[in-house]
Amino acid sequence: MTSYRLYTSEKINLKLTLFSGQIFSFKKTGENTFTGVFKNKIITFYQKNEEVFYDYEHEIQKELEIFFTLDIKYIPLLNFYKSICKEYNFEYSGLRLLRVDLLECIFSFICSTNNTVKRITKMVNYLFSKGEFLGEKNGEKFFKFPKLNLLIDSEDLKNKKFGYRSEYISETAKSLLNFSEDVLRGKCLNENFLVSLKGIGNKVSDCIKLMGLNKLDTVPIDTHVFKSIKILFKVNDKLSKKNYFFYQGLFRYKFGKYCGIAQLYIFKEVMDKSNKKIFE
DNA sequence: CTGCACCCTGTTTT
DNA sequence: AAAAACAGGGTGC
């Protein structure tokens, strides 16, 4: 395990980014120190002033640039959003959109329905605990994401208070069992595949596309984002299965091909304003 | 195809 | 103190 510096053209706020409801597998393991699993190995990030360092088996600058979407320059993008939208501030805070491992993403967001970040985190940690043990950091244990056959025991999940999501996880694991990860990636890019899985509707599917499939023009519409859509486009409507794609199209037309990032920043502002403690 | 009750559980509000 | 509503939706009738 060696320590490396992550070189970034824009400052990253680790805490903001790792606990913003995009990924649920990182744990605080010290002062400004966060540990999780990246590409099946333990990674520890820590922030010293504005610089980010990481402990990993080897140097992974390029891979982390992808993880933190450092290939996209947020500051010009946010300036553009400021120019076309006065309802929100779009202040760069070091919050980054993440590109998350596809399988982790799928099962995390199945857990997310009608749920809070706190409990999603608990559930996702339990799923990880079924995987191969990797090691400990500051008393916390870390595991690889489990093989799919370890996720089909719905009774076990029910006992762990997964509720009606137990069947969703079990059924989806069974459905995905046949595919290699490469094949799966291709299939998930298909417009209709994700929503054909149990427990995945439009919103969860869009979360998976945005974070797990590098489709940055995707805007997952939850109740909070829909509230801001009503303000932005001056409509008074209810979100339904039918008009979901209409409003998504409206949002995409306004904010362009990285509108998923606009969504992330708007969502954050809405959460901050409504004083909801979702980020902890 | 649309609308709507219901779903598990933990927390907050009434 | 108990009940209802809500929480970053989805399913199935």
Side-chain angles (χ1 to χ4, degrees), chain A residues 16-26 88 95 97-98 100 104-127 151 153-176 188 191-212 215 218-232 236-248 251 259-280:
Chain A
L16 213 52
T17 301
L18 295 174
F19 302 96
S20 56
Q22 302 184 68
I23 192 165
F24 304 91
S25 52
F26 273 82
Y88 299 94
L95 173 63
L97 187 76
L98 292 174
V100 179
E104 173 177 351
C105 201
I106 289 173
F107 289 96
S108 297
F109 283 103
I110 288 177
C111 292
S112 77
T113 62
N114 252 338
N115 214 342
T116 55
V117 169
K118 188 177 170 186
R119 196 156 74 100
I120 299 165
T121 301
K122 208 173 185 179
M123 292 160 85
V124 169
N125 280 333
Y126 181 69
L127 295 184
L151 298 178
D153 185 354
S154 62
E155 283 308 311
D156 176 61
L157 297 174
K158 272 179 191 150
N159 291 333
K160 295 294 174 185
K161 313 291 187 189
F162 277 63
Y164 60 84
R165 305 164 194 88
S166 305
E167 293 296 336
Y168 297 166
I169 290 168
S170 171
E171 290 301 311
T172 293
K174 284 180 203 163
S175 303
L176 301 185
C188 289
E191 211 49 52
N192 302 314
F193 180 72
L194 281 171
V195 288
S196 76
L197 298 168
K198 271 273 171 15
I200 302 182
N202 291 147
K203 191 266 180 182
V204 169
S205 167
D206 282 342
C207 287
I208 296 166
K209 282 182 190 164
L210 179 59
M211 264 74 78
K215 302 268 280 178
T218 308
V219 180
I221 305 179
D222 58 50
T223 53
H224 299 285
V225 171
F226 189 63
K227 271 180 201 164
S228 68
I229 283 178
K230 287 196 287 189
I231 295 167
L232 287 177
N236 190 10
D237 200 355
K238 285 187 74 175
L239 186 60
S240 70
K241 208 170 176 177
K242 190 190 173 187
N243 62 26
Y244 184 93
F245 294 106
F246 171 75
Y247 286 117
Q248 188 174 51
F251 195 101
C259 56
I261 294 172
Q263 177 267 357
L264 178 68
Y265 269 76
I266 288 176
F267 182 78
K268 177 72 169 71
E269 279 191 47
V270 172
M271 287 299 103
D272 286 348
K273 265 186 209 162
S274 67
N275 198 23
K276 297 213 162 135
K277 292 170 198 156
I278 282 168
F279 297 104
E280 62 171 288

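In the text below, chain A, chain B and the rest are named by the order of the sequence lines, each starting its count at 1. Everything quoted here is computed from the prediction, not taken from an experiment.
- Scanning atom types as modelled, one donor and one acceptor separated by under 3.5 angstrom connect the side chain of A:Tyr164 and the base of C:dG9.
- Counting only heavy atoms from C-beta on, A:Asn114 has its side chain closest to B:dC7 among C:dT11, B:dG10, B:dC7.
- Summarising the geometry, the separation between CG on A:Asn115 and P on C:dG9 is reported as 9 Å, rounded to the nearest angstrom.
- Pair assignment for B:dC8: none, as no Watson-Crick or G-U wobble contacts are both less than 3.5 Å.
- Looking at heavy-atom distances under 4.0 Å, A:Ile200 makes contact with sugar-phosphate atoms alone, never a base.
- Comparing C:dG8, C:dG9, B:dG10 against the side chain of A:Val204 picks out C:dG9 as the nearest.
- In this structure, A:Lys174 does not pair ionically with A:Glu167, as no charged nitrogen and carboxylate oxygen lie closer than 4.0 Å.
- Comparing the P positions of C:dG8 and B:dT2 gives a spacing of 27 Å, expressed to the nearest Å.
- Distances were taken from every side-chain heavy atom of A:Phe267 (C-beta onward) to each of C:dG8, B:dT2, B:dC8; the shortest belongs to C:dG8.
- If you take CE of A:Met123 and C1' of C:dG9, they are 13 Å apart, rounded to a whole angstrom.
- At the heavy-atom level, A:Phe109 lies under 4.0 Å from base atoms of the strands shown.
- For an aromatic pair to be called close, the ring centres must be under 6.0 Å apart, and A:Phe24 with A:Phe109 satisfies this.
- A close approach under 4.0 Å does not occur between any side-chain nitrogen or oxygen of A:Lys203 and OP1 or OP2 of C:dG9.
- Mapped onto DNA chain C by nearest heavy atom, A:Met211 and A:Gly199 fall at different nucleotides, with A:Met211 at the one closer to the 5' end.
- Judged by distance alone, the side chain of A:Glu269 and the main-chain N or O of A:Tyr88 form no donor-acceptor pair under 3.5 Å.
- Minimum atom distance to the side chain of A:Ser240 is reached by B:dG3, of the listed B:dG3, C:dG8, B:dC8.
- In this structure, A:Arg119 places its CZ atom 13 Å from C1' of C:dG9, rounding to the nearest Å.
- For the P atoms, the distance linking C:dC6 with B:dA5 amounts to 14 Å, nearest Å.
- Here A:Leu197 lies in heavy-atom contact (under 4.0 Å) with sugar-phosphate atoms only.
- Between C:dT11 and B:dG10, the distance separating the two P atoms is 23 Å to the nearest Å.
- A straight line from CD1 of A:Ile120 to P of C:dA7 spans 13 Å, rounded to a whole angstrom.
- Contact check for A:Leu98 versus A:Thr17: side-chain heavy atoms found under the 4.5 Å cut-off.
- As rounded to whole Å, 18 Å separates atom C1' of C:dG8 from atom CZ of A:Phe19.
- Between the A:Asn243 side chain and the A:Leu239 main chain, no donor and acceptor come within less than 3.5 Å of each other.
- Residue contacts shown for A:Tyr168 are limited to sugar-phosphate atoms, with no base heavy atom under 4.0 Å away.
- The A:Lys242 side chain lies nearest to B:dT2 when the options are C:dG8, B:dT2, C:dA7.
- Here A:Lys241 lies out of heavy-atom contact (under 4.0 Å) with every strand.
- B:dG10 atom P lies 15 Å from atom OH of A:Tyr126, rounded to whole Å.
- When both pairing distances are held under 3.5 Å, C:dG8 makes no Watson-Crick or G-U pair with any nucleotide shown.
- Atom C1' of B:dC7 sits at a distance of 14 Å from the matching atom of C:dA7, rounded to the whole Å.
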Next item on the list: With side-chain hydrogen bond (donor to acceptor under 3.5 Å, both in side chains) as the test, would you mind laying out the steps for A:Gln248 and A:Asn202 before giving the verdict?
Entry: CA-CA 11 Å; A:Gln248 188 174 51; A:Asn202 291 147; over 6 Å; no

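- Straight-line distance from the CZ atom of A:Phe162 to the C1' atom of B:dC7: 16 Å, rounded to whole Å.
- A:Lys160 has no carboxylate O lying under 4.0 Å from a charged side-chain N of A:Asp156, or vice versa, which leaves the two without a salt bridge.
- Within the structure, a side-chain polar atom (N or O) of A:Lys118 is placed less than 4.0 Å from OP1 or OP2 of B:dT11.
- Rounded to an integer number of Å, the gap from A:Ile169 CD1 to B:dC7 P is 19 Å.
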